[in-house]
2 protein chains.
Amino acid sequence: MSKHRNDAASTEFEQPCPVRDVLDRIGDQWSLLVLLTLQGETKRFNVLMREIGDISKQMLSRTLKQLEQDGYIRRTVYAEVPPRVEYDLTDLGRSFLEPMKLLVAWADTHHPAIREARRAYSQRASGGRREA
Amino acid sequence: MSKHRNDAASTEFEQPCPVRDVLDRIGDQWSLLVLLTLQGETKRFNVLMREIGDISKQMLSRTLKQLEQDGYIRRTVYAEVPPRVEYDLTDLGRSFLEPMKLLVAWADTHHPAIREARRAYSQRASGGRREA
DNA sequence: CGGTATCCCGTCAGATACTG
DNA sequence: CAGTATCTGACGGGATACCG
């Protein structure tokens, strides 16, 4: 999604296509998972690391910075002896999760159908291809 | 989104995480745009090319094949003199677009807020960083 | 017309090491 | 604890050329 020129008007969206601008960022490897993990609770960097499990420090750091830039989350630094940094969702972030959670639910519901479609497709491929 | 191991159980989703499995595929450069372009109308390969505008033959071909594999679209080949191939949405494809269109609408609505967040962030960066 | 095959390069993400 | 810096390999996607 990231290369489609945002500066050129595509056929159906004018100017810097908002959909791309938004989905390019959130559609990456980790953004959605981080937002989902922050739902309902403020969390520290290392807690996020542990809960997500297989994300590297670098990617978590980058992802958090981008989400903060775009206004989805807020970063709070406490000037303490061992540094403490907490992250939580902003109103924009929570707002975003509403339609997003519908999509997540759709994915959950229809995942079997997609698996089945893939199975059927590979079957068809080994047989002969239909025509109209 | 594509590298997070689907085979390992992450903290909040079990087994091959459906959300990743679905969003990894449609979260690419072109899938969503192709689905959106096919809304309400069956279209031929070259029509899609022209309407999308800046997609290459190869990427359109790949994208269509993936979408067909996953059951979002149907491909119909007419055995005619100049070959004719038409694509249209399946029920699954139309079903998918429902939550997706809510997300698209969200992006449209909140795009200004995000632009503003980015602007504010870069302002803050040049000044001094706040702490709590 | 509707593709596939090949080449090639830019970006992205992991590993590792270092810092305030 | 919470990051940043650097290096590197993998991969996505464009350009081009060819095929049924």
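Residue numbers start from 1 in every chain, and the chains themselves are labelled A, B, ... in the order their sequence lines are given, proteins ahead of strands. Just so it is clear, the values below take in all heavy atoms, side chains as well, and ignore hydrogens, waters and symmetry mates.
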Taking only nitrogen or oxygen atoms into account, show me every contact under 3.5 Å that the protein makes with nucleotides 17-20 of chain D, one pair per line with its distance.
none

Given D:dG3, D:dG14, C:dG2, the nucleotide with the shortest approach to the side chain of A:V85: D:dG3
Sequence-distant partners of B:E116, salt bridge (Lys or Arg N to Asp or Glu O under 4.0 Å), two or more places apart: B:R119
Between C:dG2 (C1') and B:L60 (CG): distance, integer Å: 10 Å
Atom-pair distance (OH on B:Y78; C1' on C:dG3), nearest Å: 18 Å
Distance, rounded to the nearest Å, where B:R62 contributes CZ and C:dG3 contributes C1': 13 Å
Whole-Å distance separating the CZ atom of A:R50 from the C1' atom of D:dG3: 15 Å
A:S56 or B:R84, whichever maps to the more 5' nucleotide of DNA chain C: B:R84
Under-4.0 Å side-chain N/O to phosphate OP1/OP2 contact, B:R75 with C:dG3: yes
Note, B:Y121 side chain near A:K65 side chain (heavy atom, < 4.5 Å): yes
Nearest-angstrom distance from the residue atom CD1 of B:I55 to P of C:dG2: 15 Å
Rounded (10°) bend between the five-pair end axes of the helix from C:dC1-D:dG20 to C:dG20-D:dC1: 50°
Counterpart residues, side chain to side chain contact (heavy atoms under 4.5 Å, CB included), relative to B:R94 (two or more places apart): B:L89, B:D91
Salt bridge (Lys or Arg N to Asp or Glu O under 4.0 Å) partners for A:R84, two or more places apart: A:E80, A:E86
A:D54 CG to C:dA13 C1', straight-line distance once rounded to whole Å: 12 Å
Out of C:dG14, D:dG14, C:dG2, whichever nucleotide has its closest atom nearest the side chain of B:N46: C:dG2
N/O (side chain, A:R44) to phosphate O (OP1/OP2, D:dA2) under 4.0 Å: yes
Spacing of B:M59 atom CE relative to C:dC8 atom P, expressed in whole Å: 19 Å
Qualifying residues under side chain to side chain donor-acceptor pair (under 3.5 Å), relative to B:N46, sequence neighbours excluded: none
Sugar-phosphate, base or nothing in reach of A:Q58, heavy atoms under 4.0 Å: base
Minimum-distance nucleotide (side-chain atoms of B:P82 versus C:dG2, C:dC1, D:dA2): C:dC1
Whole angstrom value for the distance that separates P of D:dG3 from CG of A:L67: 13 Å
Residues forming a side chain to side chain donor-acceptor pair (under 3.5 Å) with A:Y72, sequence neighbours excluded: none
Pairs flagged by ring-ring contact (aromatic ring centres under 6.0 Å, His included) wherever residues 35-65 of chain A is involved - sequence neighbours left out: none
Pairing residues for B:S31 by the side chain to side chain donor-acceptor pair (under 3.5 Å) criterion, not counting sequence neighbours: B:D28
Distance test, side-chain N/O of B:S61 to OP1/OP2 of C:dT4, below 4.0 Å: yes
Minimum side-chain heavy-atom gap B:R75-B:L64 below 4.5 Å: no
Same apolar cluster: B:M59 and B:L36, side chain cutoff 4.5 Å: yes
